[in-house]
Undergrad: 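The structure that follows is given in the form of C-alpha cells.
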Amino acid sequence: MAKKQKKFRPKARLPRGFVDRIGDDIRATDEMIGKIREVYERYGFDPIETPMFEYTDALGKFLPDSDRPNEGVFSLTDDDDQWMSLRYDLTAPLARHVAESYQHLNLPYRTYRAGYVFRNEKPGPGRFRQFMQFDADTVGAPGVQADAEMCMMMADTMEALGIRRGDYVIRVNNRKVLDGVLEAIGLAGDSHAAQRLTVLRAIDKLDKFGIDGVSELLGKGRMDESGDFTKGAGLDTDGVARVIGYISGSEKLANDGQRELDTMAAIFKACEYGDERIKIDPSCVRGLEYYTGPVFEAELLFDVTNEKGQTVQFGSVGGGGRYDGLVQRFMGQPVPATGFSIGVSRLMTALKNLGKLESGRLLAPVVVCVMDRDVESLGRYQNMVQQLRNAGIRAEMFQGNPKNFGKQLQYADRRNCPVAIIQGADERQAGEVQIKDLFEGKQISENITSRQEWTETRAAQISVPEADLVSEVKKVLSRYENGES
RNA sequence: GCAGUUGUAGCUCAGUUGGUUAGAGCGCCGGAUUGUGGCUCCGGAGGUCGGUGGUUCAAAUCCACCCAACUGUACCA
C-alpha cells in the first residue's frame, strides 16, 4: 500500500528549559532591572558587559570530554578548534575580564552587570536553562568591609523592589567557619574530602528537608517520595548531633572565620542593619567550590502557594561571597574579590506573587478601523493614526483583512484596546469620526440579549468633528490611564 | 544518573472483553451578519493514536524494546 505522501511538518515546540517572554513580562523585567541598577549606581558601581561566549577553559571548566562535550555547559568548537562555551554565570567572565585588563584597572574595581546565563542541565519547576542574573562585584578589596557592603546593598535592593522589611532576610556565614566545624568532628585531611562535601551538601538542604531530613543525610541516608534512597555522609550519632548543634546556633567556634563574621556584624550594627535585615546564620552554605570567606544569601520569607496548592516559603533569590582565588587562576598573583548575584527571573516570580508588578500596566493601543478600502481612504486612516501618535497616544490602523468590520472590533476587544475609531462614508461626508469607548461598551452590552439590539445599539459611541479627534480620544483615555480596565 | 508516573487533534481529555470510516469540549476558519465586540445556530479544516518490532483474520487497545515529557531525588562550576 503506497501511503499518502506527507509533507514534513516540524513540531512547533520550545527546547526544554527555555521560555518565550512576552509583552508585560518584558516590561516588568525592564522596570525591575531599572530599580536594581539605581541602587547599584548609588553605591558607586559602574556597568560593564562581557559577551555570552567565553573560551571554555576561561570559565573554569576543563576541556570538554569528546563524548560528552556539553556536560553542564553548552559548548562548541570555533573555526580554529578551540572550545567555546556559553557562560554559566557572570562571575567567571568578570574574572577573565579583570585578569585581561588588569594593568588598566583602578582598584578597587566596582562593577555591575545584568545578562542571560546558560546551564545545560535538567530543568525543573522554576529552573531554566537560560535565565537572567544581575551581579555586582568589588575586585581588589581584601577586607570584609567589602563583603559587608555587599550584604547591605542586597538588603537595600530588596526594599527598592518593594519587598517589605521582614519579608526578606540576608543570611551570612563564612566558609572558614564551616571548615572549622568539619575539623572539629574529625573530618580534616585529604582522606575525608568526599565526606566533607557530603556533609556540606546535607547542611545546604536544611531549607528543603528540615532538621530531621538533614540528620538523616548526615547519618545513614534518606528515602525520597518516589522511594529512591540517597546515601548519607555516614557520621555517627555524636557527629550528627554536633553538626546539628552548630547549624542551629547552639555551638560556636573561635577561629578566623568567626572573627570575620564578628567584624561584619559590627559594621551592620553601626549602619543600623538589624537582624530582621541581615542575619548571621550558621546553616548558610552556598557555592561549594570557589568561595573562600564570607558567603551570603538573599532569602524571601513570605509564603507562596505552588502549583499543587501547597504553601511553601519562596526561598533564595540570590547570593554571593568572597572568591579570592578566581582571578588568580589567570594571573598567578592573588586578587581578592567579593560579589553577589541576583536571580532576576526568580525574583520576578516572587514580585508577581506579592502583586508588585501590576501597577504600571500599559494601555493597549487605540485602533483606527478600516471601512473604505480605496487608496485615498487608507491614507486618511493612517493620517488619523499619525495624529494620535504625534500626540503621544499609542495607536494603530487595523492591519488585518478589513473585509469584515466585526473582525476589527473583535481584534480590538481581544487586545483589550480602550478605544476604536470609526469613519465610513457617512461620517466622512459629515466631517466627523465615531469614537467608541470599548470598555464602557462592554459593560453596557452585558444586558443585551438579542442580536438585532446588539448590532444596532452602537454602545458607548460618540460622533465628533474630525478636527477634535485627538482631544476627544484623550478625554476617553484619561478615564482609564491609571491601570484600570 | 536513579526512581515513579504519563504519552490519542492547537489545548483539555474520552475511547468498553482487541472489532467497521478514532470521538467530544474548547480554540481556529467560513457563513447566518461584506457598518459594530457578546450570545445563538449552521458548516469546515485539523490525527504518523510517541516510535519500532511482535502476537492476531483484526491493535489506539495485548507483548517487547526504544524515545519523550512530567514529578521526586542526585549533581550544579
Side-chain angles (χ1 to χ4, degrees), chain A residues 3-9 11-17 54 56-62 68 71-73 85 87-93 95 117-125 127 129 197-198 201-202 204-205 208-209 213 217 221-232 286-291 306-308 323 325-326 329 367 369-373 401-417 420-428 434 436-461:
Chain A
K3 266 190 180 172
K4 198 171 36 168
Q5 199 64 30
K6 275 230 148 181
K7 218 187 252 177
F8 170 70
R9 212 168 42 169
K11 175 99 176 152
R13 66 208 209 282
L14 270 167
R16 68 201 168 104
E54 294 281 348
T56 303
D57 55 4
L59 288 178
K61 202 173 142 64
F62 296 104
R68 296 201 305 183
E71 184 69 6
V73 298
S85 298
R87 63 189 179 194
Y88 55 76
D89 70 12
L90 298 176
T91 310
V117 301
F118 302 83
R119 298 196 183 172
N120 189 6
E121 56 193 26
K122 187 186 144 190
R127 277 185 68 163
R129 293 156 92 194
L197 207 57
T198 312
R201 284 170 184 161
D204 203 29
K205 293 193 170 43
K208 218 170 174 180
F209 301 142
L217 283 173
R222 178 178 176 278
M223 182 101 62
D224 76 23
E225 277 176 34
S226 64
D228 197 26
F229 187 74
T230 306
K231 198 164 179 292
R286 287 218 55 92
L288 301 165
E289 276 317 307
Y290 61 62
Y291 290 124
N306 67 14
E307 311 79 40
K308 295 178 200 156
Y323 51 96
L326 217 50
R329 283 186 61 237
V367 170
C369 297
V370 175
M371 309 298 290
D372 301 319
R373 283 171 273 161
N401 183 354
K403 188 182 75 179
N404 186 344
F405 177 49
K407 286 270 177 272
Q408 305 193 32
L409 286 185
Q410 189 183 63
Y411 165 82
D413 184 48
R414 288 181 180 175
R415 272 198 81 176
N416 213 18
C417 294
I421 307 296
I422 303 159
Q423 189 194 54
D426 297 348
E427 291 87 357
R428 163 141 177 78
Q434 305 251 7
K436 188 178 181 73
D437 180 334
L438 293 169
F439 297 159
E440 197 190 331
K442 189 169 220 152
Q443 285 185 342
I444 293 172
S445 66
E446 268 167 25
N447 299 318
I448 296 177
T449 48
S450 86
R451 170 75 202 169
Q452 192 183 8
E453 192 187 354
W454 175 257
T455 56
E456 287 175 2
T457 299
R458 303 199 171 181
Q461 202 167 315

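Numbers restart at 1 for each chain; the letters A, B, ... are given by sequence-line order, proteins then strands.
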Undergrad: Which is true for A:Ser445 with a 4.0 Å heavy-atom rule: it touches a base, it touches only sugar-phosphate, or it touches nothing?
TA: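 It contacts nothing in the nucleic acid.
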
Undergrad: Classify the nucleic acid contact of A:Asp426 as base, sugar-phosphate or nothing, counting any heavy atom under 4.0 Å across all strands shown.
TA: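 Base contact.
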
Undergrad: Closer than 3.5 angstrom, by distance alone: can the side chain of A:Lys436 be matched with the main-chain N or O of A:Ala459 as a donor-acceptor pair?
TA: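 A pair under 3.5 Å: yes.
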
Undergrad: With A:Arg87, which of A:Asp89, A:Thr91, A:Leu90 fulfils side chain to side chain contact (heavy atoms under 4.5 Å, CB included)?
TA: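 Testing A:Arg87 for a side chain to side chain contact (heavy atoms under 4.5 Å, CB included) against A:Asp89, A:Thr91, A:Leu90 leaves exactly one candidate, A:Leu90.
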
Undergrad: Taking the C1' atom in each of B:A59 and B:C42, what is the distance between them to the nearest angstrom?
TA: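 It comes out at 37 Å once rounded to the nearest Å.
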
Undergrad: From CZ of A:Arg414 over to P of B:C26, roughly how many Å is that when rounded to an integer?
TA: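 Value for this atom pair: 14 Å.
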
Undergrad: Using only side-chain N and O atoms of A:Arg129, determine if any of them is under 4.0 Å from OP1 or OP2 of B:C76.
TA: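 So the side chain of A:Arg129 is outside the cut-off, no N or O lying under 4.0 Å from OP1 or OP2 of B:C76.
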
Undergrad: Are the ring of A:Tyr88 and the six-membered base ring of B:A77 within the stacking cut-offs of under 5.5 Å and under 30°?
TA: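 Yes, A:Tyr88 stacks on the base of B:A77.
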
Undergrad: Quick check: does any side chain N or O of A:Arg129 sit under 3.5 Å from a backbone N or O of A:Arg16, one acting as donor and the other as acceptor?
TA: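 It does hold such a pair.
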
Undergrad: Side chain of A:Tyr88, backbone of A:Leu59: donor and acceptor closer than 3.5 Å?
TA: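 Checked: pair present.
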
Undergrad: Identify which nucleotide among B:U36, B:G35, B:G31 has an atom closest to any side-chain atom of A:Leu409, counting heavy atoms from C-beta outward.
TA: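 The answer is B:U36.
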
Undergrad: In terms of side-chain heavy atoms of A:Met371, which of B:C28, B:U36, B:G35 is nearest?
TA: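 Between B:C28, B:U36, B:G35, the one nearest the side chain of A:Met371 would be B:G35.
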
Undergrad: Please give, in whole Å, the distance from B:G30 P to A:Lys403 NZ?
TA: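 After rounding, the gap between these two atoms is 7 Å.
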
Undergrad: Mind checking side chain to side chain contact (heavy atoms under 4.5 Å, CB included) for A:Arg127 and listing every partner two or more places apart, or none if nothing turns up?
TA: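 Here the qualifying residues are A:Glu121.
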
Undergrad: When the C1' atoms of B:C29 and B:G10 are compared, how many Å lie between them, rounded to an integer?
TA: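 The answer is 13 Å between these two C1' atoms.
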
Undergrad: Which whole-number value in Å describes the distance from A:Leu59 CG to B:A77 P?
TA: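 Spelled out: CG on A:Leu59 to P on B:A77 is 13 Å.
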
Undergrad: Can you sort out the partners of A:Glu453 under salt bridge (charged side-chain N to carboxylate O under 4.0 Å, His left out), two or more places apart, ordered by chain and number?
TA: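 For A:Glu453, no residue satisfies salt bridge (charged side-chain N to carboxylate O under 4.0 Å, His left out) once neighbours in sequence are set aside.
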
Undergrad: Check the distance between B:C76's C1' and A:Asp89's CG and give it to me in whole angstrom.
TA: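 Going from CG in A:Asp89 over to C1' in B:C76 covers 11 Å.
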
Undergrad: How is A:Ala425 classified with respect to the nucleic acid when contacts are heavy atoms under 4.0 Å: base, sugar-phosphate, or nothing?
TA: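 Answer is base: heavy atoms of A:Ala425 come under 4.0 Å of a base.
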
Undergrad: Pick the C1' atom in B:G15 and in B:A74, then give their distance to the nearest Å.
TA: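 That atom pair is separated by 39 Å.
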
Undergrad: Just checking A:Arg127: base, sugar-phosphate only, or nothing, at a heavy-atom cut-off of under 4.0 Å?
TA: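 Answer is base: heavy atoms of A:Arg127 come under 4.0 Å of a base.
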
Undergrad: I'd like to know whether A:Arg286 forms a salt bridge (charged side-chain N to carboxylate O under 4.0 Å, His left out) with A:Asp204, so could you lay out the CA-CA distance, the side-chain angles of the two residues, the decisive distance to 0.1 Å, and finally the verdict.
TA: CA-CA 7 Å; A:Arg286 287 218 55 92; A:Asp204 203 29; over 6 Å; no

Undergrad: Assess whether one donor atom and one acceptor atom, taken from the side chain of A:Arg201 and the base of B:C76, lie less than 3.5 Å apart.
TA: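 Answer no: no donor N or O sits under 3.5 Å from an acceptor.
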
Undergrad: Determine the sole option in A:Asp413, A:Asn416, A:Asp437 for which the side-chain hydrogen bond (donor to acceptor under 3.5 Å, both in side chains) test with A:Lys442 is passed.
TA: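 Only one of A:Asp413, A:Asn416, A:Asp437 forms a side-chain hydrogen bond (donor to acceptor under 3.5 Å, both in side chains) with A:Lys442, namely A:Asp413.
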
Undergrad: Using the P atom on both, measure B:A24 against B:G43 and round to a whole Å.
TA: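 Result for the P pair: 12 Å, nearest Å.
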
Undergrad: Which value, in whole Å, describes the distance between the P atoms of nucleotides B:A60 and B:G50?
TA: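 B:A60 and B:G50 have their P atoms separated by 10 Å.
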
Undergrad: Rounded to the Å, how far apart are A:Gln434 CD and B:U36 P?
TA: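 Rounded to the whole Å, the gap is 12 Å.
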
Undergrad: Send over the distance from A:Tyr411 OH to B:G38 P, rounded to a whole Å.
TA: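 One finds 15 Å between P of B:G38 and OH of A:Tyr411, rounded.
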
Undergrad: Say we look at B:U61 and B:G7: how far apart would their P atoms be, to the nearest angstrom?
TA: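 Looking at atom P only, B:U61 and B:G7 are 13 Å apart.
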
Undergrad: Under 4.0 Å: is that the gap between some side-chain N or O of A:Lys407 and OP1 or OP2 of B:U34?
TA: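 Checking A:Lys407 against B:U34: no side-chain N or O falls below 4.0 Å of OP1 or OP2.
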
Undergrad: Check this for me: does the side-chain of A:Glu427 come within 3.5 Å of the base of B:G35 through a donor and an acceptor?
TA: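 Flag set: donor-acceptor pair detected.
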
Undergrad: What integer distance in Å separates A:Lys208:NZ from B:C75:C1'?
TA: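 My rounded result for the distance is 11 Å.
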
Undergrad: The side chain of A:Thr230 lies closest to which of these nucleotides: B:U73, B:G35, B:U34?
TA: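 In terms of side-chain proximity for A:Thr230, the closest of B:U73, B:G35, B:U34 is B:U73.
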
Undergrad: Quick one: list whatever passes side chain to side chain donor-acceptor pair (under 3.5 Å) with A:Glu427, sequence neighbours left out.
TA: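 For A:Glu427 the side chain to side chain donor-acceptor pair (under 3.5 Å) partners, ignoring immediate neighbours, are A:Gln434.
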
Undergrad: Of all the nucleotides listed (B:G38, B:U73, B:G31), which has the minimum atom distance to the side chain of A:Phe209?
TA: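 Given the options B:G38, B:U73, B:G31, the side chain of A:Phe209 is closest to B:U73.
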
Undergrad: Rounded to the Å, how far apart are A:Asn404 CG and B:C29 P?
TA: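 Interatomic distance, CG of A:Asn404 to P of B:C29: 11 Å.
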
Undergrad: Mind checking if A:Lys436 touches a base, just sugar-phosphate, or nothing, with heavy atoms under 4.0 Å?
TA: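 Base contact.
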
Undergrad: Please tabulate, one pair per line, each protein N/O and nucleotide N/O from nucleotides 67-70 of chain B that are separated by under 3.5 Å, including the distance.
TA:
residue: B:A69; atom: OP1; partner: A:Arg16; partner atom: NE; Å: 3.0

Undergrad: Let's test your reading of the pairing rules: Watson-Crick or G-U wobble, both distances under 3.5 Å, then write RNA chain B as a dot-bracket string with ( ), [ ], | and dots.
TA: (((((((..((((.....[...)))).(((((.......))))).....(((((..]....))))))))))))....

Undergrad: Could you say whether A:Arg458 or A:Lys205 is positioned toward the 5' end of RNA chain B, judged by the nucleotide with the nearest heavy atom to each?
TA: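 Its nearest nucleotide being more 5', the pick is A:Arg458.
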
Undergrad: Rounding to an integer number of angstrom, what distance separates B:C26 and B:A9 when you compare their C1' atoms?
TA: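 Looking at atom C1' only, B:C26 and B:A9 are 12 Å apart.
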
Undergrad: Taking only the P atom of each, what is the distance from B:G44 to B:U6 in whole angstrom?
TA: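 B:G44 and B:U6 have their P atoms separated by 37 Å.
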
Undergrad: Do you know the tightest heavy-atom contact between A:Val73 and A:Ser85?
TA: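 Distance-wise, the nearest heavy atoms are CG2-OG, 3.8 Å.
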
Undergrad: Between B:A74, B:G30, B:A77, which one does the side chain of A:Leu217 approach most closely?
TA: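 Among B:A74, B:G30, B:A77, the one nearest the side chain of A:Leu217 is B:A74.
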
Undergrad: Using the closest heavy atom to pick a nucleotide of RNA chain B for each, name whichever of A:Arg119 or A:Gln423 lands nearer the 5' end.
TA: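 The answer here is A:Gln423.
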
Undergrad: In chain order, what residues pass the side chain to side chain contact (heavy atoms under 4.5 Å, CB included) check against A:Lys205, with sequence neighbours excluded?
TA: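 A:Lys205 satisfies side chain to side chain contact (heavy atoms under 4.5 Å, CB included) with A:Arg201, A:Phe209, A:Leu217 only.
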
Undergrad: Closest to the A:Arg222 side chain: B:G35, B:C28, B:U73?
TA: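 Per side-chain heavy atoms of A:Arg222, the pick is B:U73.
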
Undergrad: One pair to check against side-chain contact (heavy atoms from CB on, under 4.5 Å): A:Thr198 and A:Lys231. What are the steps and the verdict?
TA: CA-CA 9 Å; A:Thr198 312; A:Lys231 198 164 179 292; over 6 Å; no

Undergrad: Kindly indicate whether the side chain of A:Val367, heavy atoms from C-beta on, has any atom under 4.5 Å from the side chain of A:Tyr411.
TA: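 Answer yes - side chains close enough.
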
Undergrad: NA contact type, A:Gln461, heavy-atom cut-off 4.0 Å: base, sugar-phosphate, or nothing?
TA: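 Base, at least one base atom sits under 4.0 Å.
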
Undergrad: Closest to the A:Glu121 side chain: B:U73, B:U36, B:A77?
TA: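 When the side chain of A:Glu121 is considered, B:A77 is the closest of B:U73, B:U36, B:A77.
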
